[in-house]
There are 2 protein chains.
Amino acid sequence: MKKTTEEYRSKCPLSIALELIGDKWSLVIVRDLCMGKSKYGDFQSSPEGIPTNILASRLRQLEENGIVIKEPYQDRPTRYAYFLTEKGADLLPVLQQLVIWTQKYVPDCLTPPEIFSQITPQDLLRKRER
Amino acid sequence: MKKTTEEYRSKCPLSIALELIGDKWSLVIVRDLCMGKSKYGDFQSSPEGIPTNILASRLRQLEENGIVIKEPYQDRPTRYAYFLTEKGADLLPVLQQLVIWTQKYVPDCLTPPEIFSQITPQDLLRKRER
DNA sequence: ACAGTTACTTGTTTTTTACAAGTGGCTATA
DNA sequence: TATAGCCACTTGTAAAAAACAAGTAACTGT
C-alpha cells in the first residue's frame, strides 16, 4: 500500500485518512472487529452483506495499512483470525462520532450496545490480550 | 436521496453514515466548507483536484441529504454559494477525529490550522450568521 | 464415498470515478 | 462590435472499482 506522503493526493490529514479508510466497507469491518468478531465468516454474516471478494480484498488492504493483523487459529488448513492493531483500535473515536451523528439525524436507526459508546481504544487492545 | 431507514443496507448507524458520506470526496468538500470556502471554484482549487463533474454531483447529493444549503450570491447569471447546515456542521467532530488519527499514524502529513481543532459545530454556524 | 463447512478465488456485469472537452451567460478589453 | 476570458457547470468516454454468481481447496463428520 501507500507508504510516503508523496503518493497521496495531498498532505492534508483528512484527505489521507479518506484514501486509507474512506470507502463503503473498511469501517464496517473495523466496527465488527471492535465488537469482537474475528473470522472471515463472522464478517460475512453481518447484516450489510459484504460481497466476499470485496471482503477478502479489504482485509488484505487493512493488513497492508497496519490496521489489522492476522494470526493463525488452526492448522490443516491454516486459517487466520483478524484483530485490530493499535492503529486500528484508534479508529474507534471516529466510529463513535459517526454513530453520534447518525443517531442525531437519521430517525429510526439502531442504537448500538451501550458498551460501544463507552469503550476506549485501550479497552479493545486489552480485551485482545486476555 | 435516501429518506427512510428501509432503503439502507442495514439500520446500523455506522453503516448508514458511510452510505451518506463514506466516499472519497464528500468529507473533503465538508472540510473546505468548514474552512470558510463557499463557491464552486473554491472547492475546485483545493489541492486534491476534485474532478468537476464529481464536484457538481457531490454538491447536489450533499444538498439532497441536508448537509449543505445553497444560496444565490449574484444574478445574471444566478450563482450559488454553498454553506453547511446544522447537520453538516455536526460532522466537524468526525473530521477532527480523522485528523487526530492521521496525525498520529501518518508521518509527514500537514498540521491543520490550530483553529480547526479548537472550533465547534456551533462556531461554524455562528460564523455563517454574521 | 459423499455432503457440509470455511475461506477464499475467478469471471463477468454493473456502477462509479476520472479525464477531457464543450456550453451558456455574462464582463472587460481592443 | 468582435474577441477574449471567467465562472459554474454539463456531456461524452475511458478506466477503475464494486457487485453478483459461481467455483475451488482443504479439510471434517456421517
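Chain naming here is simple, since letters A, B, ... match the order of the sequence lines and numbering starts at 1 in each.
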Between [atom2] of [N] and [atom1] of [X], the distance in whole Å:
| X | N | atom1 | atom2 | result |
| --- | --- | --- | --- | --- |
| A:Phe43 | C:dC8 | CZ | P | 10 Å |
| B:Ile50 | C:dA20 | CD1 | P | 16 Å |
| B:Tyr40 | C:dG25 | OH | P | 17 Å |
| A:Gln61 | C:dC8 | CD | P | 15 Å |
| B:Asp23 | C:dT15 | CG | P | 18 Å |
| A:Lys39 | C:dC8 | NZ | C1' | 15 Å |
| B:Asn53 | C:dA21 | CG | P | 14 Å |
| A:Arg60 | C:dA7 | CZ | P | 15 Å |

Output yes when a side-chain donor or acceptor of [X] lies under 3.5 Å from a complementary backbone atom of [Y], and no otherwise.
| X | Y | value |
| --- | --- | --- |
| B:Thr85 | B:Gly66 | yes |
| A:Tyr8 | A:Pro13 | no |
| B:Glu86 | B:Pro121 | no |

Using chain A heavy atoms and a threshold of under 4.0 Å, write down where along DNA chain D the contacts begin and end, 5' to 3'.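 Both ends considered, the range comes out as D:dA18 to D:dC27.
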Using a heavy-atom distance cut-off of less than 4.0 Å, which residues of residues 73-83 of chain B contact DNA chain D? B:Tyr73, B:Arg79, B:Tyr82
Are the charged groups of A:Asp90 and A:Lys87 less than 4.0 angstrom apart, N to O?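 Salt bridge flag = no for A:Lys87 with A:Asp90.
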Do B:Leu98 and B:Met35 share a hydrophobic cluster, counting only Ile, Leu, Val, Met, Phe, Trp and Tyr and linking them when any side-chain heavy atoms are less than 4.5 Å apart?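 Yes; tracing contacts between hydrophobic side chains, which count when under 4.5 Å, links both residues.
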So what does A:Lys24 touch, heavy atoms closer than 4.0 Å: a base, only the sugar-phosphate, or nothing?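 Nothing: the residue A:Lys24, judged by heavy atoms under 4.0 Å, touches no strand.
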For A:Glu114, does the CD atom have more than 12 heavy-atom neighbours from other residues, nucleotides or ligands under 6.0 Å away?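 Not buried by this count: 12 neighbours or fewer within 6.0 Å.
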